[in-house]
Amino acid sequence: SEKIVVSLTSWPKRINLVYKVIDNMLRQTRRPDKVVLYLSKTQFPDRQLPHLLKLRLERDPRFEVRYTSDIGSHKKYYRAFKDFPDAAIVLVDDDIVYPDTMLRDLMVHYHRNPHVVTCLRSHTVAMTRKKTFAPYLEWMKERKIVNEASPLVLATTGGGTIFPPNSLPPEAFDID
């Protein structure tokens, strides 16, 4: 019964291909309640969309485009958490076609531990012997399906990441 909102952003160089990800999300085995594409008002000042995106907007009420200030890649989570505070938010990238079971897989893990951010791809932060953070190049890369609470797990949201409602701290919404 949870509301699932898929959020993504794009930019002018990819806008003509983002429909592939939109279609992929709308056809998942666990259907999302909403798929929202957040676009920068600065990058899309005339709000003109490619024909294939317009068709999706007409054909599927679950898909919508929202324009927002340009805060880079933060658009995809920042606005979604504000617009849908009671929903589980799934972040995806605009250049990856996901397995058709991605949302279902995330939901299985989400139900097992509903207060943990669950991701399908992550990095593990490495520590030095002196208990300081190791350089990024030394981190363990590409862990698959991580559903463990740890400050040393860094979700790479491009793999698909589900955030429970109200799971981000207030600092995540400090524009500065």
Side-chain angles (χ1 to χ4, degrees), residues 2-28 31-98 102-103 106 110 117-123 125 133 135-137 139 141-142 146 151 153-176:
E2 300 92 355
K3 185 171 186 174
I4 305 297
V5 175
V6 174
S7 177
L8 70 157
T9 189
S10 194
W11 59 305
K13 288 191 177 188
R14 288 199 192 133
I15 196 67
N16 288 314
L17 297 175
V18 74
Y19 75 90
K20 294 178 181 182
V21 179
I22 304 298
D23 288 353
N24 178 232
M25 290 298 106
L26 293 170
R27 287 191 319 263
Q28 290 283 304
R31 306 277 187 194
D33 296 288
K34 182 84 57 190
V35 175
V36 184
L37 174 63
Y38 288 97
L39 298 176
S40 163
K41 293 175 191 174
T42 305
Q43 292 178 330
F44 297 93
D46 58 4
R47 297 185 180 208
Q48 291 299 309
L49 297 172
H51 177 70
L52 292 172
L53 275 184
K54 289 179 188 176
L55 282 176
R56 273 127 191 102
L57 285 168
E58 293 170 8
R59 293 181 180 165
D60 197 322
R62 295 176 299 152
F63 173 54
E64 63 181 80
V65 175
R66 295 187 181 193
Y67 295 89
T68 186
S69 57
D70 193 355
I71 55 174
S73 61
H74 301 282
K75 287 187 298 291
K76 87 173 137 181
Y77 76 85
Y78 182 86
R79 285 297 340 151
F81 273 88
K82 289 189 170 287
D83 292 348
F84 306 97
D86 298 323
I89 307 293
V90 176
L91 300 183
V92 298
D93 277 359
D94 66 344
D95 61 346
I96 298 173
V97 175
Y98 297 86
M102 191 254 319
L103 285 180
L106 281 173
Y110 174 73
V117 173
T118 301
C119 58
L120 294 178
R121 188 179 73 198
S122 70
H123 300 321
V125 179
F133 294 116
Y136 179 74
L137 292 175
W139 295 6
K141 304 279 196 301
E142 297 301 314
V146 178
V153 173
L154 175 69
T156 57
T157 58
T161 302
I162 189 167
F163 291 81
N166 304 305
S167 59
L168 291 183
E171 294 84 5
F173 302 100
D174 180 352
I175 289 291
D176 295 328

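This structure is a prediction, so every number in the text was calculated from the model and none was measured. Just the heavy atoms: all of them, side chains too, but no hydrogens, waters or symmetry mates, feed the values below.
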Take Arg56 and Asp60, measure what salt bridge (Lys or Arg N to Asp or Glu O under 4.0 Å) needs, and give me the verdict at the end. CA-CA 6 Å; Arg56 273 127 191 102; Asp60 197 322; over 6 Å; no
Just by distance, do the side chain of Lys76 and the backbone of Val92 share a donor-acceptor pair under 3.5 Å? yes
Indicate yes or no for a side-chain donor-acceptor contact from Arg31 to the backbone of Leu26 under 3.5 Å, with no hydrogens or angles considered. yes
Inspect the surroundings of CZ in Phe133 and state if more than 12 heavy atoms from other residues, nucleotides or ligands are less than 6.0 Å away. no
Atom NZ of Lys82 with >12 non-hydrogen neighbours under 6.0 angstrom: yes
Decide yes or no for [X] and [Y]: does some side-chain heavy atom of the first lie under 4.5 Å from some side-chain heavy atom of the second?
X     : Y     : value
Pro32 : Val5  : no
Arg66 : Lys75 : no
Val65 : Phe44 : no
Phe84 : Val36 : yes
Lys20 : Leu52 : no
Ser7  : Val90 : no
Phe63 : Met25 : no

For residues Thr42 and Asp70, is any side-chain donor paired with an opposing acceptor at under 3.5 Å? no
If the test is side chain to side chain contact (heavy atoms under 4.5 Å, CB included), which one of Val6, Leu57, Leu8 qualifies with Ile22? Leu8
